[in-house]
Protein chains: 2
Amino acid sequence: MRASDKAYATLRADIVEWRLPPGTVLAEVELSERLGVSRTPVREALARLSAEGLAAPQSGRGVVVTEISLDHVRELFELRSALECRAAELAAERGDAATFCALHAELAAAGDLLTDDDPSRHSYYELAARLDAAIDDAVGNAYLAQALKSLRVHLVRVRRLSKDNPARLREAAREHATIALAIANGNAAVASAATTVHLDNSLHRLLSTSH
Amino acid sequence: MRASDKAYATLRADIVEWRLPPGTVLAEVELSERLGVSRTPVREALARLSAEGLAAPQSGRGVVVTEISLDHVRELFELRSALECRAAELAAERGDAATFCALHAELAAAGDLLTDDDPSRHSYYELAARLDAAIDDAVGNAYLAQALKSLRVHLVRVRRLSKDNPARLREAAREHATIALAIANGNAAVASAATTVHLDNSLHRLLSTSH
DNA sequence: TCCACTTGCTTTGTATACACTGATGGCAGG
DNA sequence: CCTGCCATCAGTGTATACAAAGCAAGTGGA
């Protein structure tokens, strides 16, 4: 792996995991020393982070980690709704019924995943990511997939804003199951509507439990 | 202006204007000589172009200008539809009626702009860009605006695929006027529907007149 | 005491040298 | 004649040195 990739991956993880909180100054020399690479790959990593919107150059002080307020979350979910609703519609029109039937079954049984003591909820988030991937694949649109991918970076970061309790996640799993079923049935209108409902619930969950 | 900005602006313009056609190899040393800067700012410019999707790194050969086929155009318009329909809805809910009334009047009279001999149709495209900017402003969503901005780069590039005759542009202007009116009236459903119609027509225009 | 100028330092922006990787062409062996 | 290996090389990846710009602090004068 290239040094610039390593620097990028490290910094990106540090930002989305809130180890580097918003406002942190990302100085090139300091980072190059801490990461054990020279300034050149660090610069490349910072440029990529700036392009993604995780960091932003500030006059004179170098680049800093971008803020993420509740207003940002609302804006983020507005974009998310536009993209995911359309993606769900297109997946319903083009997707393979068997694939989404299987995902529906898994999601319907996801309550079990959340009873055992997995503090990071890894198994649930992995399943949700599989549904996202299946939708992306069914849609078969590289530009839409790219837009969703760059959006999800920010969503992972937002996730750390709120504490997710098991009851909420079970509710979310049921909503995901509804979406998967609508896609399996080839019903675009329902898929879009279910996505709208899910995102609205998710946003309110987030806003009510964040500090 | 920084050397890297200059290199980026030059290369980006060269790509969207088709002076650098798809498949062109963007070698760092050759570009640094041609643009009169060193390899470092050229690398930065190439990284930005790759992030935008105008170029893509290819194993061994460096980065090349990305292809743009009719299938890509269809995918692009799918994403465009998702973003612009939602943007039109939100603008209808939040926008200032007077602003869009004025734009509607200008667009309704845009037929006159297209009768005089402006071969590049600059005045019309400038007006359409003003409508886009007004919508972005009314929506007030930085993430949605960013997504639309990165989309429009590709759309400008696609525009060169087809030859735009005055009759088509007058038709497009009427469609734009309809959208502006719906937003001015605060009618989100109509704004979204008019956008859908406009984009469908635009896509078919493009596909039928391209070589 | 306050304002302005200067000086020095910190930090980024650019250039260049070197190392390493992947591709390509030729040559030898089968 | 075909195939596989090796050498060469083009080109990127990284490091470091140097230049320029911005900011802050300190000092001098009013």
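Letters A, B, ... are given to chains in the order of the sequence lines, protein chains preceding strands, and every chain is numbered from 1. Just so it is clear, the structure is predicted and the values come from calculations on it, not from any experiment.
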Criterion side-chain contact (heavy atoms from CB on, under 4.5 Å) on Leu127(B) and Arg130(B), from CA distance to verdict: CA-CA 5 Å; Leu127(B) 181 53; Arg130(B) 288 230 312 280; 3.8 Å; yes
Is there side-chain contact between Val42(B) and Leu26(B), with heavy atoms separated by less than 4.5 Å? no
Test side-chain contact (heavy atoms from CB on, under 4.5 Å) on Ser150(B) and Glu52(B); report intermediate values, then the result. CA-CA 7 Å; Ser150(B) 69; Glu52(B) 280 184 314; 5.7 Å; no
Cationic tip of Arg80(B) within the cone over Phe77(B)'s six-membered ring, i.e. under 6.0 Å and within 45° of the normal?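 Arg80(B) over Phe77(B) ring: yes.
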Report yes or no: is the cationic atom of Arg159(A) (NZ for Lys, CZ for Arg) under 6.0 Å from the centre of the six-membered ring of Tyr125(A), at an angle within 45° of the ring normal?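 Pair Arg159(A)/Tyr125(A) counts as cation-pi.
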Strand contacts (DNA chain D) in residues 19-35 of chain A, 4.0 angstrom heavy-atom criterion: none
I'd like a list of close polar pairs between nucleotides 20-22 of chain C and the protein, N/O only, cut-off under 3.5 Å.
none

Residues Arg157(B), Glu67(B); criterion salt bridge (charged side-chain N to carboxylate O under 4.0 Å, His left out); working and verdict: CA-CA 11 Å; Arg157(B) 195 169 166 219; Glu67(B) 295 291 334; over 6 Å; no
Counting only side-chain nitrogens and oxygens, does Arg43(B) get under 4.0 Å of the OP1 or OP2 atom of dG13(D)?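 Checking dG13(D) against Arg43(B), a side-chain N or O does come within under 4.0 Å of OP1 or OP2.
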Is it true that Glu78(B) and Arg94(A) make a salt bridge, defined as a side-chain N closer than 4.0 Å to a carboxylate O? yes
Taking atom [atom2] of [N] as reference, at what distance in whole Å does atom [atom1] of [X] sit?
X: Gln58(A); N: dT11(C); atom1: CD; atom2: P; value: 14 Å
X: Tyr8(B); N: dG13(C); atom1: OH; atom2: P; value: 16 Å
X: Arg48(B); N: dG13(C); atom1: CZ; atom2: C1'; value: 14 Å
X: Arg2(B); N: dT11(C); atom1: CZ; atom2: P; value: 18 Å
X: Glu44(B); N: dT14(C); atom1: CD; atom2: P; value: 7 Å

Start with the C-alpha gap between Leu90(B) and Ile135(B), add the side-chain angles, then the distance that decides, and say whether side-chain contact (heavy atoms from CB on, under 4.5 Å) holds. CA-CA 9 Å; Leu90(B) 295 171; Ile135(B) 292 175; over 6 Å; no
For Leu161(B) and Val73(B), work out which heavy atoms get closest and say how close.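 What the structure gives for the nearest pair is CD1-CG2, 3.9 Å.
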Show your working on side-chain contact (heavy atoms from CB on, under 4.5 Å) between Leu144(B) and Asp136(B) and close with a plain yes or no. CA-CA 8 Å; Leu144(B) 184 53; Asp136(B) 285 4; over 6 Å; no
Quick one: CG on Asn141(A) to CG on Asp71(B), what's the gap to the nearest 0.5 Å? 10.5 Å
Between the protein and nucleotides 15-19 of chain D, list the N/O to N/O atom pairs that are separated by less than 3.5 angstrom.
unit_1	atom_1	unit_2	atom_2	d
dA15(D)	OP2	Ser38(A)	N	2.7
dA15(D)	OP2	Ser38(A)	OG	3.1
dA15(D)	N7	Thr40(A)	OG1	2.9
dT16(D)	O4	Thr40(A)	OG1	3.4

